[in-house]
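Have a look at the structure below, then the notes.
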Amino acid sequence: MVLTGAGISAESGISTFRDNGGLWENYSIYEVATPEAFEKNPALVLDFYNQRRRQLHQVQPNAAHLALVDLEAKYDVKIITQNIDNLHEKAGSSQVLHLHGELFKARSSRNPNLIIHHETDIQLGDLAADGSQLRPHVVWFGEAVPAMEEAASLVAHADIFIVIGTSLNVYPAAGLVDFCKPNCEKYLVNPEIVYNIPKDYRVIKEKAGIGVPALVKELLQKGE
Ligand code: NAD
């Protein structure tokens with residue numbers, strides 16, 4: 001099992017969330033990533049995600065995303081990602097669970113289960129099949145995380161758990177680090193100190209592009 005956060009996509013050119021003083025691409029999350037923000041200023045919120053979606057057409061997976069694909073040669077690798085980008089899929093990972101939604105999907109603002117594939121801008125007035133305004137298929141702050149139960153069960157059954165590029169500040173996702181069974185091998189890859197990580201994780205204090213390929217190499221050799 002692998003849990004990834006914004007840090008794994010940083011070397012692909014996508015800004016993380018908290019690394020610049022709590023700003024994500026120069027916006028306050030309260031202006032662009034809450035249901036209240038969408039109610040108050042839907043055009044601003046749609047524009048923010050339209051920019052992120054356009055950027056996603058331009059960026060490529062990096063060495064960390066690619067190394068996780070190599071790991072599938074010997075392990076049954078399942079990725080839980082907090083990211084809304086598609087870089088794990090673009091790299092070729094076969095099992096990816098998006099906890100916080102996906103930029104290339106849109107949904108009804110009335111029915112969270114009415115989801116469509118959508119790679120272009122969403123404008124005010126673009127409607128879902130039920131006649132409501134289309135919105136990004138993204139879990140905003142204050143909203144439920146429907147995939148959380150499945151994610152917790154996956155982590156609880158893991159033999160190896162690798163946590164990459166997350167500050168562990170966003171709950172409930174951050175709580176997943178405590179769900180491992182006692183004999184699970186646990187790794188953390190992050191160039192900065194992560195205060196919430198339990199003491200029994202082996203910490204690899206490197207950027208994902210260096211630390212993940214090195215760990216993958218080690219795990220593949222171990223599996224021989
Ligand atoms: P975060 O921004 O809170 O934390 C990023 C972490 O990545 C930090 O601990 C930082 O030290 C680490 N980091 C920075 N550069 C790194 C690198 N090169 N290699 C490895 N680690 C690196 O991110 P989060 O914990 O994922 O929480 C942010 C939330 O915002 C997520 O829930 C996500 O939905 C959303 N978000 C998504 C994206 C994306 O889809 N790429 C980008 C920004 C934010």
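Note that ligands are numbered from 1 as they come in the structure, with each ligand's atoms numbered from 1 the same way. Here the structure is a predicted model, which is why all the values come from computation and not from measurement.
For Ala64, no heavy-atom contact with ligand 1 is shorter than 4.0 Å. For Gln82, heavy-atom contacts with ligand 1 shorter than 4.0 Å involve the backbone as well as the side chain. When heavy-atom distances to ligand 1 are checked against a 4.0 Å cut-off, Ile14 comes that close only through its side chain, counted from C-beta outward. Residue-level proximity to ligand 1 for His100 is carried by the side chain, the only part with a heavy atom below 4.0 angstrom. With a heavy-atom cut-off of 4.0 Å, Asp85 touches ligand 1 through backbone and side chain alike.
Residue-to-ligand polar distances keep Pro191 apart from ligand 1: every N/O pair is separated by 3.5 Å or more. When only interatomic distances are considered, the shortest N/O to N/O separation between Lys207 and ligand 1 does not fall below 3.5 Å. Geometrically, ligand 1 and Glu192 share no nitrogen or oxygen pair separated by less than 3.5 Å. Considering backbone and side-chain atoms together, Ala10 places no N or O closer than 3.5 Å to any N or O of ligand 1. Backbone and side-chain nitrogen or oxygen atoms of Val194 are examined, and none is located within less than 3.5 angstrom of a nitrogen or oxygen of ligand 1. Remark: ligand 1 and Ile84 share an N or O pair separated by less than 3.5 Å (distance only, no angle test).
Counting atoms of ligand 1 from 1 in the listed order, those under 4.0 Å from a heavy atom of Ser15 are 42 (C), 43 (C). Atom numbering of ligand 1 starts at 1 in the shown order; those under 4.0 Å from a heavy atom of Gly5 are 26 (O).
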Evaluate the criterion side-chain contact (heavy atoms from CB on, under 4.5 Å) for residue pair Ile164 and Val212; output intermediate values, then yes/no. CA-CA 8 Å; Ile164 306 164; Val212 177; 3.8 Å; yes

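Closest to atom 2 (O) of ligand 1 among all protein heavy atoms lies Phe17 N, 2.7 Å. In terms of protein heavy-atom proximity, atom 18 (N) of ligand 1 is nearest to Glu11 OE2, 2.9 Å. In this structure, the protein non-hydrogen atom closest to atom 27 (O) of ligand 1 is Val170 CG2, 3.7 Å. Scanning the protein for heavy atoms near atom 3 (O) of ligand 1, the closest one is Ser167 OG, 2.6 Å. Gly7 O, 3.3 Å is the protein heavy atom nearest to atom 17 (C) of ligand 1. Among protein heavy atoms, atom 26 (O) of ligand 1 sits closest to Ala6 N, 2.8 Å. In this structure, the protein non-hydrogen atom closest to atom 25 (O) of ligand 1 is Thr166 OG1, 2.7 Å. For atom 14 (C) of ligand 1, the closest non-hydrogen atom on the protein side is Asp19 OD2, 3.2 Å.
With contacts defined as side-chain heavy-atom distances shorter than 4.5 Å, the pair Arg53/Ile122 qualifies. Taking the side chain as every heavy atom from C-beta outward, Leu219 and Ile160 approach each other to under 4.5 Å.
Ring-plane geometry between Phe104 and His57 is classed as tilted, the angle between the planes lying from 30 to 60 degrees on a 0 to 90 degree scale. Ring pair Phe38/Trp140 is tilted by interplanar angle, where 30° to 60° counts as tilted.
With respect to His98, the side-chain hydrogen bond (donor to acceptor under 3.5 Å, both in side chains) criterion is satisfied by exactly one of Glu89, Lys105, His137: Glu89.
For Ala173, the heavy-atom gap to ligand 1 stays at 4.0 angstrom or more. Residue Asn169 places every heavy atom at 4.0 Å or more from ligand 1.
Taking a cutoff of 4.0 Å between a charged side-chain nitrogen and a carboxylate oxygen, Asp121 and Arg54 qualify as a salt bridge. Under the 4.0 Å criterion applied to side-chain N and carboxylate O atoms, Glu39 and Arg135 are not assigned as salt-bridge partners. Look at Arg202 and Glu218 and you find a salt bridge, because one of the NZ, NE, NH1 or NH2 atoms lies within 4.0 Å of a carboxylate O, short of that distance. Between Lys90 and Asp85 there is no salt bridge, since no side-chain nitrogen of the basic residue lies less than 4.0 Å from a carboxylate oxygen of the acidic one.
Compare Gly13, Ala174, Gly165 by their heavy atoms: the one nearest to atom 6 (C) of ligand 1 is in Gly165.
Residues Leu71 and Ile8 share a hydrophobic cluster, clusters being chains of Ile/Leu/Val/Met/Phe/Trp/Tyr side chains in contact below 4.5 Å.
Across Ile84 and His100, no two heavy atoms sit closer than the pair CG2-O, 3.3 Å. Closest approach of Pro191 and Lys207 over heavy atoms only: CB-N, 4.0 Å.
In this structure, Phe141 has its ring center closer than 6.0 angstrom to the ring center of Phe17.
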